[in-house]
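Since the structure comes first, as structure tokens, the remarks are kept for the end.
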Amino acid sequence: MEYTVQWRLKGDEYAGSFGNGFTLANGESVTGMKKIYENDDETVFEGKNGHTVTCLHKTENGVTVLKTVFENKTDTATELELLSSFAINGIKADRIHRATSFWSAEGKLLSQDLAELNMEPSWAKHGLRIEKFGQIGSMPVRKWFPFLVLEDTENNVFSGVQLYCPSSWQIEIITKDKSVSINGGLADRDFGQWTKRVAEHKSFTSPKAVFATGKSLLEVCDKLVKAQCPDIAKIDTDLPVIFNEYCFSWGNPTLENIKKAAEKLKGSGVRYFVIDSGWYKAPTADWFSASGDWIPEKSLFPNGIKEAADVIRSNGMIPGLWYEFETLGKDSKGYYDTENLLCRDLYPVTVGGRRFWDMRKEAVTKFLDERVISLLKENGFGYIKVDYNENIGAGADGSESYGESLRQTVEASRDYFVRMKKLMPDLVIENCSSGGHRLEPSFMEVSSMASFSDAHETASIPLIAANLHRLIRPEQSQIWAVLRKDADIHRINFLLTSGFLGRLCLSGEINELEKEKWNRALKSIKFYGKIKHIIRDGFTSVIRSDVIDYSAPTGYQAVLRTLSDSALLIVHTFKNTANPPIDDLLEGYVVDDEFGSPLDSEFRGKAFLLRKMNT
């Protein structure tokens, strides 16, 4: 196996073997370079024009961190059309695993043999076989996660990579003979309309990627996930419970209903009370179209929104506030501020009633400092939920290519997360994008937690929550349990046990729940307190599920997460399933505690806190 680079300068010859139009890899830029230096941490190549390209490949803690640095050492500017974050040759593999993703269906595993993809070598070992995938735009987890695992079934070896790229990205799998090559990074000129001008004696560095190997898919995923280094707020490190009032007020928060919910939650063990969308809208407006100006609505909060924050704090919780500060609804003033909006071909990028701030502009930063950071500070909020509900697409004006403008503005968005934390060091940041469209490592590293999905009303909640164990740290995966007054006790337990697959977040009609149902919620918070250390530090060794149709799941799911002598087993049944076969997962353990419903019927959920026998 060899760490190398893929790059291409505008004007260079393309590769043959029928690859042109599929890939920009292995063209003249690569075939014309020579290796000039190598050690354990880096390999340096020199291009035919005197440019140097350095592959950084530092290995520690069981993973290899990869980046590529292009240096223009000439006296003339040049233009890149491709620069990989990782490029690895000589992998033995016959099967691949990818994580698919759509709205409310994040992280479903797709496993395929290379032969199934028509990727086996030709009889003459001629003609490239290429599988290329990625996403275009500002929602980096849309259709695919930036993630790939290769499997060598003969030797039981798994090799996985995760890309840290919040804008358009791509991954390529290439075969020509018996070995496999993979490369990935920013979406290139062909795929993502990206070129990058590098001035004379300047350099450009790719986003990073992380690579790991292991003896199972879950082992590799665990290494990749634990390599993520999130900046979690100190107050959030013990994984406290969240309440979000969206499914309580449905976008119509008022001082009165916030008081009711906060008083109900007092002493429950919930630490954060998040006021969701609508706090800025007039009574006749809708929350989606009115977003963008970020002025608390006086008819909702006659004495200012600080009064609501004070009510939450008086009931023992930290107040949080929802924003979607990178975009603008059509009823906001900013929607018409074309000087500071992203444009394409001089027209504002307009998508589904949304426009986008050009986050590169100083005027935008100044506006957000006033309407976001100052508002949070002055009114006593300690938590922000940052939502993001549309996609920029291929890019915008303002740079040498649409793709480069997109990269710059999305990086500026991510930088604003960092700015919020710098100016408010104790701030808890939730990363949301219509649920899970930004569950990508570089955004996860500047957030305390993230919304796992918008699948709050579905039966697929535990399926999605389990999928994400392969992709993000469970301690950052906020899972909603929306408690409805008309739900039976088994539905309540189904939802609450789903929340144990990550960060437990309550929502729903909590003031109208029967006593038995509310007591179940309170008991779930206490049970969650006993298992938080396993959620945070454990290893997910089993995800057992054969569900295909998330809209009508059948069968069951069992997830086992272990930590030293303890374990957490979470089981859910779906349609036409009862008493699932889980005895093998309980073998060797004693049950210290449990929560949920008997698993003797469909759509039940149960969690077991386990301890190894004789310990």
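Being a predicted model, the structure only gives us computed values, none of them experimental.
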Ionic contact status for [Y] with [X], cut-off 4.0 Å:
X    : Y    : result
R98  : E131 : yes
E116 : R95  : no
E154 : K92  : yes
R473 : D222 : no

Between CZ of F211 and OG of S159, what distance do you get to the nearest 0.5 Å? 4.0 Å
More than 12 foreign heavy atoms under 6.0 Å from [atom1] of [X]: is that the case here?
X    : atom1 : answer
I548 : CD1   : no
D549 : CG    : yes
K67  : NZ    : no
K421 : NZ    : yes
K532 : NZ    : yes

Which atoms form the tightest heavy-atom contact between [X] and [Y], and what is the distance?
X    : Y    : result
P598 : R604 : O-NH1, 3.0 Å
E440 : P140 : CB-CG, 3.8 Å
R484 : C247 : NH1-O, 4.2 Å

Kindly indicate whether a cation-pi arrangement holds for [X] with [Y], taking the cut-offs as under 6.0 Å to the six-membered ring centre and within 45° of the axis.
X    : Y    : answer
K523 : F595 : no
R142 : F102 : no
R438 : Y388 : yes

Evaluate N493 against R520 for side chain to side chain donor-acceptor pair (under 3.5 Å), listing each step before the verdict. CA-CA 7 Å; N493 285 333; R520 294 304 293 170; 3.1 Å; yes
Positive for salt bridge (Lys or Arg N to Asp or Glu O under 4.0 Å) with D238, one of R271, R536, R503: R271
I want to check something: taking the side chain as every heavy atom from C-beta on, are W169 and Y164 in contact at a cut-off of under 4.5 Å? no
Please evaluate residues Y589 and F608 with respect to the criterion ring-ring contact (aromatic ring centres under 6.0 Å, His included), reporting the C-alpha separation (whole Å), side-chain torsions for both, the decisive distance (0.1 Å), and the verdict. CA-CA 10 Å; Y589 290 102; F608 303 84; over 10 Å; no
Examine [X] together with [Y] and report whether their ring centres are nearer than 6.0 Å.
X    : Y    : value
W287 : W322 : yes
H572 : Y556 : no
F527 : F500 : yes

Main chain of [Y], side chain of [X]: is a donor-acceptor contact present, judged purely on distance under 3.5 Å?
X    : Y    : value
S448 : A233 : yes
H469 : L501 : yes
S451 : S453 : no
Q170 : K132 : no

Could you walk me through whether S597 and H490 pass the side chain to side chain donor-acceptor pair (under 3.5 Å) test, one step at a time? CA-CA 6 Å; S597 298; H490 300 304; 2.8 Å; yes
Check the pair D94, D152 against side chain to side chain contact (heavy atoms under 4.5 Å, CB included), reporting the backbone distance first and the verdict last. CA-CA 6 Å; D94 58 301; D152 173 4; 4.2 Å; yes
Give the intermediate values and the outcome of side chain to side chain donor-acceptor pair (under 3.5 Å) for residues N389 and S434. CA-CA 5 Å; N389 288 307; S434 288; 2.6 Å; yes
Of T562, T540, I534, the residue whose pairing with L568 passes side chain to side chain contact (heavy atoms under 4.5 Å, CB included): I534
Does one side chain, of N579 or D600, offer a donor that lies under 3.5 Å from an acceptor on the other? no
Distance alone, cut at 3.5 Å: any donor-acceptor contact between the side chains of W480 and N244? no
Are E430 and Q478 close enough, and set up right, to give a side chain to side chain donor-acceptor pair (under 3.5 Å), and what steps lead you there? CA-CA 9 Å; E430 177 190 336; Q478 183 187 123; 3.3 Å; yes
Please assess F273 against Y383 for the test ring-ring contact (aromatic ring centres under 6.0 Å, His included), listing each intermediate value before the final yes or no. CA-CA 9 Å; F273 186 117; Y383 183 116; over 10 Å; no
